Amino acid sequence: MEEDKVRGKAEPSGWPAKAWSLLSATRSESPLIQCITNFVSMDLMANTLLSAGASPAMIHSADEIPDFTPHARALCINVGTLSADWLPAMKLAAQFACQSCKPWVLDPVAAGASGFRLKACLELVELKPTVIRGNASEVIALSKASLGPSKGVDSSHESTDAVEAAKSLAQASGAIVAVSGAVDIVTDGERVVGAHNGVPMMQRITATGCSVTALIAAFVAVDPLHALEATVSALSIFGVAGEMGMNLAKGPASLRMHLIDSLYGLDDAVVHSRVSITSFS
Amino acid sequence: MEEDKVRGKAEPSGWPAKAWSLLSATRSESPLIQCITNFVSMDLMANTLLSAGASPAMIHSADEIPDFTPHARALCINVGTLSADWLPAMKLAAQFACQSCKPWVLDPVAAGASGFRLKACLELVELKPTVIRGNASEVIALSKASLGPSKGVDSSHESTDAVEAAKSLAQASGAIVAVSGAVDIVTDGERVVGAHNGVPMMQRITATGCSVTALIAAFVAVDPLHALEATVSALSIFGVAGEMGMNLAKGPASLRMHLIDSLYGLDDAVVHSRVSITSFS
Amino acid sequence: MEEDKVRGKAEPSGWPAKAWSLLSATRSESPLIQCITNFVSMDLMANTLLSAGASPAMIHSADEIPDFTPHARALCINVGTLSADWLPAMKLAAQFACQSCKPWVLDPVAAGASGFRLKACLELVELKPTVIRGNASEVIALSKASLGPSKGVDSSHESTDAVEAAKSLAQASGAIVAVSGAVDIVTDGERVVGAHNGVPMMQRITATGCSVTALIAAFVAVDPLHALEATVSALSIFGVAGEMGMNLAKGPASLRMHLIDSLYGLDDAVVHSRVSITSFS
């Protein structure tokens with residue numbers, strides 16, 4: 001099957017086809033994605049998933065997880081507005097996902113902001129996320145804490161830091177690790193791939209990071225055996241939607257609207273002409 | 001009074017006038033609507049109520065209900081992001097509404113998603129909601145559970161299922177039951193009325209269902225003695241706003257914006273030319 | 001330094017320059033603003049802060065406050081969806097801010113809606129907010145309760161009420177008190193300044209009041225020694241953004257978008273030509 005060949009073995013030159021096949025699969029299969037996330041981003045995350053064709057479910061109560069989580073095709077956990085009473089349900093849902101071999105994605109928002117938060121993120125990493133996506137400082141904080149201070153990253157070049165931290169975290173956790181930035185970096189601990197799409201103004205909109213994490217969950221749901229490819233593709237597709245949206249935007253609020261509209265309307269031709277992914281190693 | 005005559009006795013041909021009179025009353029009376037709802041939809045629900053002229057209050061703490069709920073003209077309870085610590089306040093508020101004969105509306109989001117959720121919904125149905133609005137699967141889940149499995153609906157035609165389930169639930173609960181779909185169905189257990197307005201892309205925006213439930217609460221607040229008419233009218237007005245918004249939209253995010261703008265700007269002429277409501281029985 | 005002279009001594013004729021200098025400082029310094037706020041407004045508040053150049057952090061757990069709050073440059077507490085389990089963290093964060101002499105801003109949403117809420121607001125006022133911003137009824141409720149009924153305001157003219165209530169509350173609490181309305185009033189208990197910018201349709205968008213309170217927190221963060229000037233400037237800048245947005249808006253939802261875009265794009269010339277602030281005493 002042509003489709004499966006593309007999904008299974010994404011050569012550098014095959015990235016646009018891979019990204020398009022995952023968006024198409026998300027649209028046609030409409031995977032159910034459970035999100036246990038923060039109060040700020042629930043709305044944009046749900047709309048991102050809907051505009052990509054997925055089916056979001058913001059269900060966070062521990063009372064429902066045993067019944068509900070087995071029906072979801074992937075789980076997205078985001079600690080943005082973490083509190084002690086939400087953490088047990090996050091861990092329980094991650095356990096259910098892990099036990100049933102379903103992909104789950106962790107967004108360790110502000111991992112280094114407090115001892116409480118860092119400890120919570122480390123406990124979640126122990127539960128074997130399929131993918132971890134954060135910004136450079138989050139991934140560095142998590143990597144240092146996972147490895148202990150003596151094995152930590154201490155280069156003064158933050159972009160190099162982030163790549164090395166991501167590789168170390170990937171190796172220590174077994175997860176695909178993605179670092180958002182001017183270029184998004186994705187690694188399984190060996191391979192390093194960069195996604196170049198996106199526009200700087202996306203950082204002036206709250207919840208864009210959370211939303212692309214949700215899109216990663218959707219793409220991993222439809223292709224769980226190729227989590228690195230799914231992660232890179234989601235980052236790139238979201239970035240392309242941002243680029244298309246930027247053509248119409250007059251500021252961050254109109255960019256947010258046009259980004260979601262663009263994600264909904266993306267077609268094969270735009271994806272193939274725009275997706276820019278490179279393998280670094 | 002011409003106005004009262006229209007409100008009191010809505011003949012099939014009088015639906016547009018009825019819908020317009022309820023929107024006008026909402027604008028002029030600005031009823032205070034208390035919403036105990038989910039984290040995802042609070043923003044859009046509040047903006048829907050504001051754009052329709054109502055006054056939203058998202059107050060959910062049990063500590064405030066005895067003081068606050070008596071001042072609201074209607075109550076809207078939505079179980080979207082339900083957890084055990086929110087349920088008691090939902091029940092307390094419903095009791096206050098019920099005891100003081102104020103209308104209250106239940107949105108049983110994902111009623112069948114877990115045993116915990118279904119039980120919670122059934123407990124809320126026991127507290128005599130004026131209106132229950134859900135999609136077909138929610139109404140069917142609730143109807144089956146209310147009636148017991150032996151009396152459940154088991155037709156293989158889901159649209160027929162939903163109508164029969166809605167009628168059964170209405171009879172068992174005493175509530176007006178609305179089922180959102182390509183055609184929205186509203187029944188008191190005997191009469192069945194269909195609201196035909198709306199556009200499919202509204203399903204690609206999170207919280208549109210929750211928001212129309214809030215609009216139902218506003219319309220029931222201004223005409224509590226005619227809850228079926230108020231429910232049908234709210235569904236139709238929201239659908240008309242969606243149709244008007246769709247004329248300007250380029251995707252789900254711009255539709256969301258234009259829908260709210262259109263709801264704010266709807267006038268008599270548009271309502272009369274667009275509202276499409278039919279009585280099925 | 002020219003800049004400091006403008007910041008330090010804002011003559012009536014110097015208001016536009018003052019407002020512009022605070023927006024510029026917010027953009028260049030990107031102050032970290034911690035918000036413990038309500039579920040409805042988190043999204044718009046975060047986007048308001050981002051579009052003004054500040055860095056929002058919606059962190060509300062008591063477990064994180066000792067680690068995190070010392071890193072924030074200002075704190076914004078908003079009781080919109082208050083519940084008993086959130087109040088201790090609000091008070092703890094306010095104590096940290098107060099002890100470390102960092103500015104913090106209180107938004108006493110619906111202060112008079114319940115005894116529980118009024119008591120909570122009074123407890124927060126005891127923790128020495130730098131600024132309190134509310135609408136007339138909130139400020140009047142808080143002022144009456146702070147002063148006791150015998151010293152309460154009982155004029156029948158609500159606009160006069162609000163000014164007198166604001167002055168009394170400012171004197172009793174030591175805070176700058178702002179009252180939003182057709183003209184926004186700001187007082188330190190002696191001086192009374194009015195900010196005239198804004199458009200009525202902003203009241204038909206949820207969370208605009210919460211969002212301007214967050215902007216006040218950002219402006220107070222970059223100029224903590226001149227809290228009255230920062231408060232007036234934030235109200236005026238947000239109002240100017242609303243005026244610019246209104247030129248493009250077709251209803252409340254597009255106004256919301258254009259307001260944020262405009263806040264992001266405001267330049268010196270627009271601020272100088274639009275800002276309208278007058279000293280009443």
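Since the structure is predicted, the reported quantities are computational estimates derived from the model, not experimental observations. Protein chains get the first letters and strands the later ones, always in sequence-line order, with residue 1 at the start of each.
- Against chain A, the residues from residues 202-214 of chain B that qualify, each with a non-hydrogen atom under 4.5 angstrom away, are B/Gln203, B/Arg204, B/Ile205, B/Thr206 in number order.
- Interface remark: of the candidates A/Leu49, A/Ile260, A/Asp63, A/Asp63 forms the most heavy-atom pairs closer than 4.5 Å to chain B.
- In terms of non-hydrogen atom pairs under 4.5 Å with chain B, the most contact-rich of A/Met45, A/His71, A/Met58 is A/Met58.
- In this structure, OG in B/Ser254 is found 10.5 Å from OH in A/Tyr264, a value given to the nearest 0.5 Å.
- Within residues 240-252 of chain B, the residues having any heavy atom under 4.5 Å from a heavy atom of chain A are, by residue number, B/Lys250, B/Gly251, B/Pro252.
- The minimum heavy-atom distance linking B/Ala253 with A/Asp261 is given by the pair N-OD1, 2.9 Å.
- With sequence neighbours left out, the side-chain hydrogen bond (donor to acceptor under 3.5 Å, both in side chains) criterion links B/Gln34 to B/Thr69.
- Looking only at side-chain heavy atoms (C-beta outward), B/Arg256 and A/Asp43 come within less than 4.5 Å of each other.
- Chain A is approached within less than 4.5 Å, heavy atom to heavy atom, by B/Ala113, B/Ser114, B/Gly115, B/Phe116, B/Arg117 from residues 112-129 of chain B, ordered by number.
- Neither the backbone nor the side chain of B/Met42 comes within contact range of chain A; no heavy atoms are under 4.5 Å apart.
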